[in-house]
Amino acid sequence: MKTNETTSVRVRIAPSPTGFLHVGTARAALFNFLFARRHGGTFIVRIEDTDAQRSEKRFEDNIIEGFTWLGLTWDEGPDVGGPYGPYRQSERKDLYRTHLKLLLERDLAYHCFCTKEELEAQKNYMLANGIPPKYSGVCAGLGKDEVARRIADGALSVIRFRATAKKLAFGDGVKGKIEVDTELIGDFTIAKSVDEPLYNFTAAIDDELMRISHVIRGEDHISNTPKQILIQEALGFHTPHYAHLPLILGPDKSKLSKRHGAASILEYRDDGYLPEALANFLAFLGWHPGGEKEFYSLLELISQFDIAHVNKSNAVFNIQKLDWFNAHYIRQKSDDELCALCLPYLQKAGMIDASTDREKVKKIVALEKERLKKLSDIVPLSSFFFALPEYASEILVWKKSDAATTAKSLAASCAALEALDAPQFTEEAVKDALGAVASEFGNGAAYWPVRVALSGMEASPGPVEIAEVLGKDETIKRIRAGITRLNMI
RNA sequence: GGCGCCAUCGUCUAUCGGCUAGGACACCGCCCUUUCAAGGCGGUAAGACGGGUUCGACUCCCGUUGGCGCUACCA
């Protein structure tokens, strides 16, 4: 796709607020955003809410919130306005009505009175007889008077566009040249009535009126493109450059959808994924800047983005890779930032409240930082700090040790730690105290039981770090409980 | 069924005619190490198939097969 400096780049993401912001739309938005910013163009958000039955404001809000969370910014949209508004199709009815009437007057479109049942029957007949199914055209030749009479009689109708049969080809920025025979399309519907326009029609009108230069969208829209081009030609509109992105697939290789898991991008946020991780991951689904660098900030993505390098084939959404990106970005956070990010999860789990010592929480988060794949992992990983979990006494014994030795080493550790004055219960002091025990019993026989007694878990941060966070009293208490347990084995 | 799009490790990908096919995730092993994680090192693993074109094809062309998408009075 050529992007010379003289034609300004204007791209749009046109979500339909009939559901929460899903991954596919978010990725398409990201690519449009990247493309616009890369070329100093304009990024527009246009809400396609022509389907009044299915559109809901809460979905629009969810979509806008999702884009914002991802780090995207737009220049024109329903919330920020712009010179080509309004940016909600439901608020552009008059524009569509004008063009619809124009099409009707010029006989480029016509009223169709066929009922859904009739249409269904026609379709089944054609299918059964091996004929490519398309509108039969029974209403295509109705005279003006006949149409007026039927409408006056209250007959229900839809508006169909007269699709001229021809070989149509358009260049695609990703796929190359795409050719279709519009003969196979047939006269398609563009409105339920002059006040109820349908998707292919409104998209063609708005892309013209909003001066859209490039349409970047999922390849599930390839079959809509010739319809939109036909409408553009009938109305004397320009045809924007098209670029159809490969689809994002679920593990089963079918188009990613709600049934594959997260229904909304915001669910990823709530689950503890970082926007920079998701953006990095999503950008790499179907595109790659070349080279072996893996981590790209949004700014770096912008500077490298080239739509010519977008893949043609679909990509499977690999949650493990997302986790890896996320873990990386979590580790990049400062302790303060990460603590602030983890706080909501800890609070929600009831593990901390306003009275909890913030410095203690920060130490805990810092300790678990490199173990977090998602922010929400902080809850199961750190709960033992706040309340010792129930655990099997047997796990106190290190694999290369025995109960008797473990009891002795735990008692020694306990004594060594008790000898420390509470104010001097520093990481340094604890380390020296336990180090002395370790030099007598060996690292494994000394550290393992202390760590298990303190955490109640077979896997956790080291005993010195935990003890320092817990403080002398709690540390001694937990170790004594461990010793008691050992004596009962 | 019709039409369209696509085809490199299990997954995301590099390669734009010269490849001993590179990287990443995941997986396995080793190191580090009380455990886990992180980190370091190493390993298993790919050009769907068949024809062309060419000195030379993963790269170009054709066919086959397979996958996906679309086929609404949804978008």
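All values below were derived from every heavy atom in this structure, side-chain atoms included, with hydrogens, water molecules and symmetry-related copies excluded. Residue numbering restarts at 1 for every chain, and letters A, B, ... go by the order of the sequence lines.
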Heteroatom pairs (N/O) under 3.5 angstrom, protein to nucleotides 36-38 of chain B:
| unit_1 | atom_1 | unit_2 | atom_2 | d |
| --- | --- | --- | --- | --- |
| B:C36 | O2 | A:R371 | NE | 2.6 |
| B:C36 | O2 | A:R371 | NH2 | 3.0 |
| B:C36 | N3 | A:R371 | NH2 | 2.9 |
| B:A37 | O2' | A:E370 | O | 2.2 |
| B:A37 | N1 | A:E370 | OE2 | 3.3 |
| B:A37 | N3 | A:E370 | OE2 | 2.5 |

Quantified in whole Å, what is the [atom1] atom distance between nucleotide [N] and nucleotide [M]?
N: B:A21; M: B:U8; atom1: C1'; result: 8 Å
N: B:C58; M: B:G22; atom1: C1'; result: 13 Å
N: B:A14; M: B:A24; atom1: C1'; result: 11 Å
N: B:A45; M: B:C25; atom1: C1'; result: 13 Å

Nearest 0.5 Å, please: how far is CZ in A:R46 from OG1 in A:T202? 7.0 Å

Checking all strands, does A:P246 fall into the base, sugar-phosphate, or nothing category for heavy-atom contacts under 4.0 angstrom? nothing

Select base, sugar-phosphate, or nothing to describe what A:E368 touches, counting heavy atoms under 4.0 Å on all strands. nothing

Please check if the number of heavy atoms outside A:K293 that lie under 6.0 Å from its NZ is greater than 12. yes

Please verify the inter-ring angle class for A:F281 with A:F317; under 30° counts as parallel, over 60° as perpendicular, anything in between as tilted. perpendicular

For atom CG of A:D323 and atom P of B:A26, their distance in whole Å: 9 Å

Measure from CG on A:L249 to C1' on B:C68 and round the result to the nearest Å. 7 Å

Generate the contact string for nucleotides 69-75 of chain B. Rules: B means base contact, S means sugar-phosphate contact only, - means no protein heavy atom under 4.0 Å. SS-SBBB

Is there a donor N/O on one and an acceptor N/O on the other, under 3.5 Å, for the side chain of A:K321 and the base of B:A24? yes

Within the structure, does a side-chain N or O atom of A:N443 lie under 4.0 Å from either OP1 or OP2 of B:U34? yes

